[in-house]
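Throughout, a chain's letter reflects where its sequence line sits, starting with A, and its residues are numbered from 1. Any value given below was found using the heavy atoms of this structure, including those in side chains, with hydrogens, waters and symmetry copies removed.
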2 protein chains.
Amino acid sequence: MTDKDSDASSAPERKRGSGVKMVYDLLRDEILDLVLPPGSPIDEVQLAERFKMSRTPIREALVRLAGEGLIATLPNRSTMVSNIDFLNLHTFFDALVLMYRVTTRLAAEHHRQEDLEVIRARQAEFAAAVQAQDALAMIATNAAFHSAIAEAGRNPYFTGLFNRLLDEGRRILRLYYQSYDDRLPQRFVDEHEDMIAVIAARDVEAADRLARTHAEQIVEQIQKLFARKDRLEIAL
Amino acid sequence: MTDKDSDASSAPERKRGSGVKMVYDLLRDEILDLVLPPGSPIDEVQLAERFKMSRTPIREALVRLAGEGLIATLPNRSTMVSNIDFLNLHTFFDALVLMYRVTTRLAAEHHRQEDLEVIRARQAEFAAAVQAQDALAMIATNAAFHSAIAEAGRNPYFTGLFNRLLDEGRRILRLYYQSYDDRLPQRFVDEHEDMIAVIAARDVEAADRLARTHAEQIVEQIQKLFARKDRLEIAL
DNA sequence: AGAGCGATTTTTGTCGACAAATAAAATACA
DNA sequence: TGTATTTTATTTGTCGACAAAAATCGCTCT
C-alpha cells in the first residue's frame, strides 16, 4: 500500500520552512489513525531518506510529537509510538464527558450566528461520512463537529484542552469504529441534530444534558466493546 | 546579576543527552517567572554561546517551548516570548475555576491516606513561603499544593490539563503577587486548611463549594488588580 | 558447551558550515 | 529632500559528518 502522496515528487525542491511541519503532520496523522500502531519503532534515518531530507528537521518534528506524548523516547536508545493506556481508560472518559458538557454548554451561551453555520456544515460532513460508511472520515468529522461547537463557546483554553482530548481519543475511537464495521452511528447523527437545536435555542441546561447523555452513551458503547474483545488482541 | 548557576562551569564536559532538557527547563522557568518578559527576543546563537553548545539542541528546546505556546516563532524571522492574552483573561479564569472544582472534588472522592500527607506537606511549604513573604516561592508552592490535590484525584488527564493551566497562570500570578508586595495571602493559607479538611472528610459537595469560592476569590482579586493598573504599564 | 569479556555495529546526540529568507543599510534617482 | 532600488548583513533552516551509548556479535577461557 504505497498510497496517496508520493514522498519523492519529481521536484526535489521543497519550500524552506515546510519540512518539519510536513513530517509532523503526516506522522501525527499516521499515529492517530493507527497506521503506525502503538509500539511501532520510529527510525530517524529511515524517515530522513523517506522524506529526502536531513535528520535535523525530522528530529524537530519528533521532539514536538514527544511533547504531545504521542511518541516515547528512551534516553539514548530507540523511540517508538506511545501505547494507549487501557487501564486508566475510564479517567479519559471522565475528562471527555466533562469537556463535552462544558463546551456544548458554553456554545449555547456564547455562540453567534456564523458559528451555527459552521457547526451545521460539520454535521453535514459527519452525516455524509456515516452514509458512506467511511470509518476514518466519521472519526475526523465527528471530532470536527464537536470542535466547532467548542469554538462557538469562545474559550480558547477549553477548546485547546478539548481538542487535545479528542486527539488522544482518536486512536481509541479508531479501534471502536473499525470494530463496529462502520455501521450503527446513525443514532449519533440524530443526537447531533438535537444538540444543534438546543444550542441555537440558547437552552444552556438542555445543552448540558444532551452533551452528557451523548458522551456517556459513546463511552458506554466503547466500554462494552473493550469488555468483549478481551483487550488481549489489541493491547500490545 | 549573573546569579545562581554559572553556565560555563570549569568542566567543559556535559552529559550527553542533558543539553536540551537543561535549556528547556531553564528557559521555561525564566519565561514563567517573568525573568524573560513577554516579547523578549530569543536569539539562538546567543543561547548557543551562553550554554556553550551548538544551535541544534537549543533549537530542539525551542521547538518544545513553542509546542507549549510559551514562545512564538515567526516563520523565517525572529522568535520571542509569547504575550499574555490580557483580553481573553476571563476565559482563562473560567477554565481555572472549573479545574479547581473538578480536581478538588475528585480528590475528596478518590484520595488515599498517603495523598493527604503530601498535600499537607505542600500546604506547609506554602505557609512558610507566605510567612517569608517570598513571592516566587508562594506561586510555586501554591501551584504544588493544588497540583498535589489534583494528583489525589487520580485522573491523569485532569492533572495534566490542570498543571498546564497552572503553568499558563504562573506568569499572571507573578504579576499579581509582585503587585501586592507579598502580603495578604495569609487568607489563602486558611482556606487551604479548610480544603484539606473537607477532602479528608470526603465531603464531595463541600470540596466543590470551597474550591469554587477559593478560585473565584483569587480571580476577583486579580481582576481588581488589572482594573487598577491600567494594564498599560504591564502590557507591551 | 556456557559464561564472561572485548570488538563491531547501529543509532542517537551534537557539531560546524552553508544557503535561503528577510531586514537593514547604502546608493541612485527624481 | 524624499523615495525607489540595489547591496550588505543578520538570522534562520538544513545539511553532512563525527563522537558517545547501547546493543549485538564474536572470541576466549574454564
Side-chain angles (χ1 to χ4, degrees), chain A residues 5 7-28 31 36 39-82, chain B residues 5 7-28 31 36 38-82 236:
Chain A
D5 57 294
D7 305 324
S9 67
S10 52
E13 314 282 338
R14 204 179 323 97
K15 258 178 298 179
R16 187 169 157 80
S18 69
V20 287
K21 180 170 170 45
M22 151 169 287
V23 176
Y24 168 81
D25 286 337
L26 190 72
L27 275 195
R28 177 190 157 87
I31 292 174
L36 292 177
S40 303
I42 307 275
D43 188 356
E44 295 180 4
V45 307
Q46 195 171 314
L47 288 172
E49 57 192 34
R50 173 177 168 194
F51 288 98
K52 301 221 184 308
M53 56 171 74
S54 162
R55 275 177 48 226
T56 311
I58 304 255
R59 279 188 121 254
E60 295 190 358
L62 293 186
V63 166
R64 209 163 140 205
L65 288 171
E68 299 182 23
L70 288 179
I71 64 178
T73 309
L74 278 305
N76 258 319
R77 221 62 212 135
S78 73
T79 131
M80 52 185 233
V81 178
S82 346
Chain B
D5 56 294
D7 305 324
S9 67
S10 53
E13 315 281 340
R14 204 179 323 95
K15 259 178 294 178
R16 189 171 154 80
S18 70
V20 288
K21 179 168 171 46
M22 151 169 287
V23 176
Y24 168 80
D25 286 338
L26 190 72
L27 275 195
R28 178 190 157 87
I31 292 174
L36 293 178
S40 303
I42 307 275
D43 187 358
E44 296 180 2
V45 307
Q46 193 170 316
L47 288 172
E49 56 193 34
R50 174 177 168 196
F51 289 98
K52 300 222 183 308
M53 57 171 78
S54 163
R55 276 177 49 227
T56 311
I58 305 248
R59 280 188 122 255
E60 295 190 357
L62 293 185
V63 166
R64 208 161 141 205
L65 287 172
E68 299 181 23
L70 289 179
I71 64 178
T73 308
L74 280 304
N76 259 318
R77 221 61 211 136
S78 73
T79 131
M80 51 186 232
V81 178
S82 333
L236 28 158

Test log, rule side chain to side chain contact (heavy atoms under 4.5 Å, CB included), inputs Leu62(A) and Leu27(A): CA-CA 9 Å; Leu62(A) 293 186; Leu27(A) 275 195; 3.7 Å; yes
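Here the CE atom belonging to Met53(B) is positioned 5.5 Å from the CD1 atom belonging to Ile58(B), to the nearest 0.5 angstrom.
For Met22(B), the side chain to side chain contact (heavy atoms under 4.5 Å, CB included) criterion is met by Arg14(B), Phe51(B), not counting sequence neighbours. Scored by the side chain to side chain donor-acceptor pair (under 3.5 Å) test, Glu44(B) finds Arg55(B), Arg59(B) as partners (sequence neighbours excluded). Taking Arg64(A) as the reference, Tyr24(A), Val63(B) meet the side chain to side chain contact (heavy atoms under 4.5 Å, CB included) condition, with sequence neighbours excluded. When the side chain to side chain contact (heavy atoms under 4.5 Å, CB included) test is applied to Val81(B), the partners found at least two apart in sequence or on another chain are Ile31(B), Leu36(B), Ser40(B), Ile42(B), Arg171(B). Asp25(A) meets the side chain to side chain donor-acceptor pair (under 3.5 Å) test with Lys21(A); sequence neighbours excluded.
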Once pairs are restricted to Watson-Crick or G-U wobble with both distances under 3.5 Å, how does DNA chain D read as a dot-bracket string, [ ] for crossings and | for other-strand pairs? ||||||||||||||||||||||||||||||
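Within residues 53-70 of chain A, the residues that place at least one heavy atom under 4.0 Å from DNA chain D are, in residue-number order, Met53(A), Ser54(A), Arg55(A), Thr56(A), Pro57(A). For the segment residues 71-82 of chain B, residues with any heavy atom less than 4.0 angstrom from an atom of DNA chain C are, sorted by number, Asn76(B), Arg77(B).
Per the geometry, NZ belonging to Lys21(A) stands 21 Å off P belonging to dT12(D), to the nearest Å.
Where DNA chain C meets chain B (any atom under 4.0 Å from a heavy atom), the bounding nucleotides read 5' to 3' are dT12(C) to dA23(C).
Toward the 5′ end of DNA chain C lies the nearest nucleotide of Val20(B), the other residue of the pair Arg16(A) and Val20(B) mapping further downstream.
Minimum interatomic distance between Pro57(A) and Val20(A) (heavy atoms only, all atoms of both residues): O-CG1, 3.3 Å. For the residue pair Ser82(B) and Gly69(B), the shortest heavy atom distance occurs at OG-O, 2.8 Å.
Counting only residues at least two apart or on different chains, the side chain to side chain donor-acceptor pair (under 3.5 Å) pairs with a member in residues 70-81 of chain B are Arg16(A)-Asn76(B).
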